Amino acid sequence: MNTAVVLFTSDLRLHDHPPLRAALGAADRVVPLFVRDDGIEAAGFAPPNRRAFLADCLTDLDEGLRDRGGRLVVRSGDVVEEVRAVAREADAGEVHMAAGVSGYAHAREERLRLALEEDGRALRVHDAVVTALAPGAVVPSGSDHFAVFTPYHRRWSQEDLRGVLAAPRTVRVPDGLRSEPVPSREDVEKAGGVSDGLARGGEREARRRLNAWTRGGLARYDEGHDDLAGDATSRLSPHLHFGALSPAEAVHRARAAGGPGAEAFVRQVCWRDFHHQVLAARPASAAADYRERHDRWRSGKQADADVRAWKDGRTGYPVVDAAMRQLQHEGWMHNRGRLLTASFLTKTLYVDWRVGARHFLELLVDGDLANNQLNWQWVAGTGTDTRPNRVLNPVRQAHRYDPDGAYVRRWVPELEDVEGSAVHEPWKLPDAVRARLDYPDPIVDLADGLARFKEARGSG
């Protein structure tokens, strides 16, 4: 009986899983394998929130495999060494995995390919598993990637996505392979650092949420996705990040429902693919400016104090503070909040986007290099934004996207007794009322911050 290995990475699901289906079609037995990568943990990309969500996903994946007669094999260490060892133990002829987009993922794939070839085995890498459309599937004339979203979206929308694959009914796993225990969320929580309101992960939860979303919220998404208090987004981003949900299936399901809400949602999935194709083509953009603006970002004691206030949700601008506190509590933040807080740090405070991106990666359950780093650069004006010097005014944005202040009062309890839209500008309250609030004055005047940014960018 011949055997194949399926290496799970950011594709922790059984539905619509091309590597698994290919392995099952090519071999009598399959080893579903997950390796807890020492390199990722050493680089600081495995903070508590993502480890807890990952544990949920792995537990669910193992249970799904056991329902089909199989199990998940878990190892820890260097991915190449562990995969090579498992392939030898199982006498597997092939290893199947999803293609990655980061420089680290590409290097890991090449190392694994060479190691397996030394043993007379083959690596099969599958595209369009972690994205709806593979990076490089559409390119503009004279370039290896699209640098502007609108033309990418136009081309992306014209492509036929691959069909959705059913989950297998049976997975036969060879006996006798050693496995570590599947990680549990409880063990991660005992170690500390997990946000109190962190959502649950796993394919079953992802599919439950997708089903509920397509039946309900999707139709209202076009008109409600920027409503901070309404919380009208899908909240599918963590499930897409860990691959508990297929982006191709999400697009097919939305298009089947149809309507403006579905079109707006599919556009957001396209944004995700857009950033993945940028990072795949320009791996250095994970840390370096995609477009250099020659910024001399603020540093020193005052800048450090401003950053601390920003992280703690104590800037004196309620909508910014509300979003930062949502991040602390949930390990997630509304997309409009991400734009506001990033603009405030990089343009109003004029602090390096990498400082904010690092903080987000420490807390965001859906944080990854493509979406996090490139969205931060987009807001900072060093990425793909065609208007690099735009500055979002947090007060105007608050009045527009949280008109009655419900979002602010939810996350900034110091202001819960301030009625209506007055909550967005507490410094304008009567002195007697202001004195009773345990809430700071603004750490910067918006006009001063704007002038400083324009001078620094030479756009004044």
Side-chain angles (χ1 to χ4, degrees), residues 147-150 226 228 275 278 282 284-324 327 333 335-362 371-402 408 424-428 439-460:
V148 179
F149 175 71
T150 299
D226 274 323
L228 285 163
H275 283 143
V278 172
R282 298 290 182 272
S285 63
D289 290 326
Y290 181 82
R291 290 192 174 103
E292 175 61 59
R293 304 297 180 189
H294 306 289
D295 287 295
R296 294 185 177 182
W297 303 108
R298 291 174 62 225
S299 60
K301 290 184 178 180
Q302 186 56 56
D304 290 345
D306 290 346
V307 170
R308 174 48 55 194
W310 177 81
K311 289 181 178 180
D312 291 343
R314 300 280 293 174
T315 67
Y317 289 96
V319 73
V320 172
D321 295 340
M324 295 304 294
L327 174 62
M333 187 192 294
N335 184 59
R336 177 55 54 176
R338 299 187 197 206
L339 294 172
L340 289 174
T341 56
S343 177
F344 189 83
L345 182 73
T346 59
K347 289 176 173 173
T348 303
L349 297 181
Y350 197 54
V351 170
D352 193 334
W353 64 267
R354 281 160 280 243
V355 174
R358 189 178 308 116
H359 180 66
F360 270 32
L361 283 178
E362 289 171 358
N371 298 304
N372 188 66
Q373 309 301 86
L374 291 170
N375 270 315
W376 267 95
Q377 290 199 53
W378 189 91
V379 177
T382 66
T384 61
D385 189 4
T386 55
R387 293 172 53 198
N389 294 330
R390 79 174 86 199
V391 178
L392 300 181
N393 182 305
V395 176
R396 292 176 188 165
Q397 293 274 309
H399 283 291
R400 182 175 181 181
Y401 298 115
D402 187 29
V408 164
H424 296 309
E425 299 174 270
W427 56 88
K428 292 184 177 180
Y439 187 72
D441 292 325
I443 60 174
V444 62
D445 181 85
L446 294 180
D448 291 344
L450 179 61
R452 176 174 57 198
F453 173 73
K454 285 185 174 181
E455 181 180 2
R457 283 279 172 91
S459 59

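For clarity, every value in this text was computed on a predicted model and none was experimentally measured.
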Q | Validation row, ring centre His275 to ring centre Trp378 under 6.0 Å | A | no
If you compare all heavy atoms of [X] against all heavy atoms of [Y], which two are closest, and at what distance to 0.1 Å?
X	Y	result
Pro394	Tyr317	CG-CD2, 4.2 Å
Met333	Leu327	CE-CB, 3.7 Å
Leu339	Leu392	O-CD1, 3.8 Å
Arg291	Gly383	NH1-O, 3.0 Å
Ala147	Tyr290	CB-OH, 3.2 Å
Phe453	Asn389	CE2-O, 3.7 Å

Interatomic distance, [X] atom [atom1] to [Y] atom [atom2] [nearest 0.5 angstrom]:
X	Y	atom1	atom2	answer
Gln302	Leu349	CD	CG	9.5 Å
Asp402	Gln397	CG	CD	11.5 Å
Leu345	Leu340	CG	CG	13.0 Å
Thr382	His294	OG1	NE2	12.0 Å
Asp306	Thr315	CG	OG1	9.5 Å
Arg296	Arg457	CZ	CZ	14.0 Å

(Q) Quick check with a 6.0 Å cut-off and a 45 degree axis cone: is Arg452 positioned over the face of Tyr350's six-membered ring? (A)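 No, Arg452 does not lie over the aromatic ring of Tyr350.
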Q: Check side-chain contact (heavy atoms from CB on, under 4.5 Å) between Asn393 and all other residues, then give those that pass, not counting sequence neighbours.
A: Val395, Arg396, Leu446
Q: Would you indicate whether the side-chain heavy atoms of Ser285 and Gln377 approach each other to under 4.5 Å?
A: yes
Q: Assign the ring pair Phe360 / Trp310 to parallel, tilted or perpendicular, where the plane angle (0 to 90°) is split at 30° and 60°.
A: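 Rings of Phe360 and Trp310: parallel, under 30°.
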**Q.** Ionic contact status for Asp295 with Arg293, cut-off 4.0 Å
**A.**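 Result for this pair is no, no salt bridge flagged.
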(Q) Regarding Arg314 and Asp321, does a basic nitrogen lie under 4.0 Å from an acidic carboxylate oxygen? (A) no
Q) Should we count CZ of Arg390 as having more than 12 external heavy atoms under 6.0 Å? A)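 Enclosed.
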Q: Examine distances only and state if a side-chain atom of Thr341 and a backbone atom of Arg338 form a donor-acceptor pair shorter than 3.5 Å.
A: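 Checked: pair present.
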**Q.** Donor-acceptor contact present, side-chain Glu425 to main-chain Trp427, <3.5 Å
**A.**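 Not a single qualifying donor-acceptor pair exists.
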(Q) Please identify which of these residues, Thr346, Asp289, Asn375, meets the side-chain hydrogen bond (donor to acceptor under 3.5 Å, both in side chains) condition with Trp353. (A)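 For Trp353, the side-chain hydrogen bond (donor to acceptor under 3.5 Å, both in side chains) test succeeds with only one of Thr346, Asp289, Asn375, which is Asp289.
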Q. Leu374 and Thr384: side-chain contact (heavy atoms from CB on, under 4.5 Å), yes or no, with the steps?
A. CA-CA 8 Å; Leu374 291 170; Thr384 61; 5.9 Å; no
